[in-house]
Amino acid sequence: MEAAALLVSTLLLADARPAAGALPDGTVGRAAEGGRLAISADDDDDDDVVDGVADVEDEDEDEDEDEDGDDDGDGDGAFRLEVVIDLWMPRLEGDFTDAGAEIDVRDADVHDTEAVFSGALALTRGRVKVELRGFSFATEGADTAAEAFTLGGLAVAAGDAFDSSFSWWSAGAEVSYEFLRPHRNASNGTDFSLFLLASLDVQSVTRDIANLTTGAPPATAREAFLAAEFGGGFRLAFDARPGFPVFRRAEVSAKASAGASLPVGDGDFGSAARVEARFTGWITPDLAVYGGYRLVGASLSGEELEMSASLQGLMAGFRYEF
């Protein structure tokens, strides 16, 4: 009996003693509860290692996105509304055609530079931008003909006094899509993008001329036409240096498009074109001012009027984003 009791006591002591290899250094001989604490500490260390690897991977992904600058390119997908108003200073360049003869706009004295207000309302979401735009131009002239010409069926002899006027208005829409962003770096605000565009404008031109010497009835010609164009452009934006006055961010952009003009009434297809370049400086995150150059041209052969002309000149204005 004593031998049996001694054997049972020996087995119980062996089961209660923890294995030395199962505990970290300095914990050999602790109670079973201590053994559990040591194992828990080992698990926390493993979790810290896993979290550290995940953090490094996240940082690498962020760096990759900053370098290529194009995670998905659409941001949060929110709509942005922008109002654009500028003062454009164009003059009319080109020729009128009457019975096969070309008459320079200078000969008809409708060549003066005029101040024109133009505007646009733009809605942007991600890479897509829709812009509603328009302008209205008008000029008048009065002169003595240096040489004879006929315009709109009205004959003006050399030395005759005449007065004239010309107007051109346009309203339409442009849709653009940023198809490529070869460089975009969030760390310094640099953003370079290329975009394609398509536009459709309704335009109307009116020309009047009267011979003051002969007193003949004035000749008036009016044409309305559609201008459909395709083209593209680029934008380069970057943050200004902290010490740079006034502007916190700057943008350089340019676009060009070409297409066809179609008279609303009788006539033949012509051509249409538009070129624009501007420098923009952002004063606040929502307000910017800009300056640049704009050209709007058309070759039109309608029932009453035939011309190949353009409006071109400098512009300056502001943009406000809601």
Side-chain angles (χ1 to χ4, degrees), residues 85-119 133-172 201-225 227 261 263-265 267 270-276 291-317:
I85 299 176
D86 64 51
L87 179 64
W88 184 26
M89 302 290 291
R91 69 176 182 270
L92 183 66
E93 296 279 3
D95 301 296
F96 299 114
T97 301
D98 190 286
E102 292 186 350
I103 297 93
D104 193 290
V105 296
R106 291 174 175 82
D107 296 334
D109 198 29
V110 286
H111 177 65
D112 293 342
T113 298
E114 304 288 350
V116 174
F117 284 101
S118 63
R133 65 193 184 188
F135 69 82
S136 181
F137 169 86
T139 186
E140 295 180 352
D143 200 359
T144 300
E147 56 184 42
F149 65 87
T150 300
L151 192 59
L154 179 69
V156 179
D160 285 355
F162 68 92
D163 63 16
S164 57
S165 65
F166 180 83
S167 64
W168 188 340
W169 64 259
S170 173
D201 297 271
V202 179
Q203 302 189 7
S204 176
V205 294
T206 302
R207 184 196 64 209
D208 291 289
I209 187 168
N211 191 324
L212 303 179
T213 300
T214 63
T220 299
R222 183 178 293 107
E223 292 289 350
F225 60 99
S261 65
V264 175
S271 62
R274 185 181 290 244
V275 177
E276 188 170 312
Y293 174 86
R294 178 185 295 131
L295 179 149
V296 177
S299 175
L300 175 66
S301 179
E303 186 177 8
E304 299 182 12
L305 187 149
E306 185 175 352
M307 72 173 193
S308 179
S310 65
L311 296 174
Q312 48 188 284
L314 300 176
M315 62 180 176

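In summary, Glu93 and Arg106 engage in a salt bridge, as defined by a charged side-chain N under 4.0 Å from a carboxylate O.
Ser164 places a side-chain N or O within 3.5 Å of a backbone atom of Ala108 that can act as its donor or acceptor partner. Judged purely by atom type and a 3.5 angstrom limit, Asn211 has no side-chain atom pairing as donor or acceptor with the backbone of Phe162. At least one donor-acceptor pair under 3.5 Å links the side chain of Glu223 to the backbone N or O of Glu304.
When all heavy atoms of Ala145 and Ala157 are compared, the pair lying nearest together is CB-O, 3.5 Å. Shown here for Ser261 and Ser299, the closest heavy-atom pair between the two residues is OG-O, 2.9 Å. In terms of heavy atoms, Val296 sits closest to Trp168 at O-CH2, 3.9 Å. Here the shortest heavy-atom pairing between Met89 and Thr113 reads O-CG2, 3.6 Å. Across all their heavy atoms, Asp112 and Phe137 have their closest contact at O-CZ, 4.4 Å.
Rounded to the nearest 0.5 angstrom, Met315 CE and Phe117 CZ are separated by 15.0 Å. With values rounded to the nearest 0.5 angstrom, Leu305 atom CG is found 9.5 Å from Phe225 atom CZ.
Counting only heavy atoms from C-beta outward, the side chains of Gln312 and Val275 never approach each other to under 4.5 Å. Inter-residue side-chain proximity for Thr97 and Glu102 is flagged as met; some heavy-atom pair is nearer than 4.5 Å.
For the residue pair Ser308 and Asp95, no side-chain donor N or O sits within less than 3.5 Å of a side-chain acceptor on the partner.
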*Taking it one step at a time, do Phe96 and Phe149 satisfy ring-ring contact (aromatic ring centres under 6.0 Å, His included)?*
CA-CA 11 Å; Phe96 299 114; Phe149 65 87; 10.0 Å; no
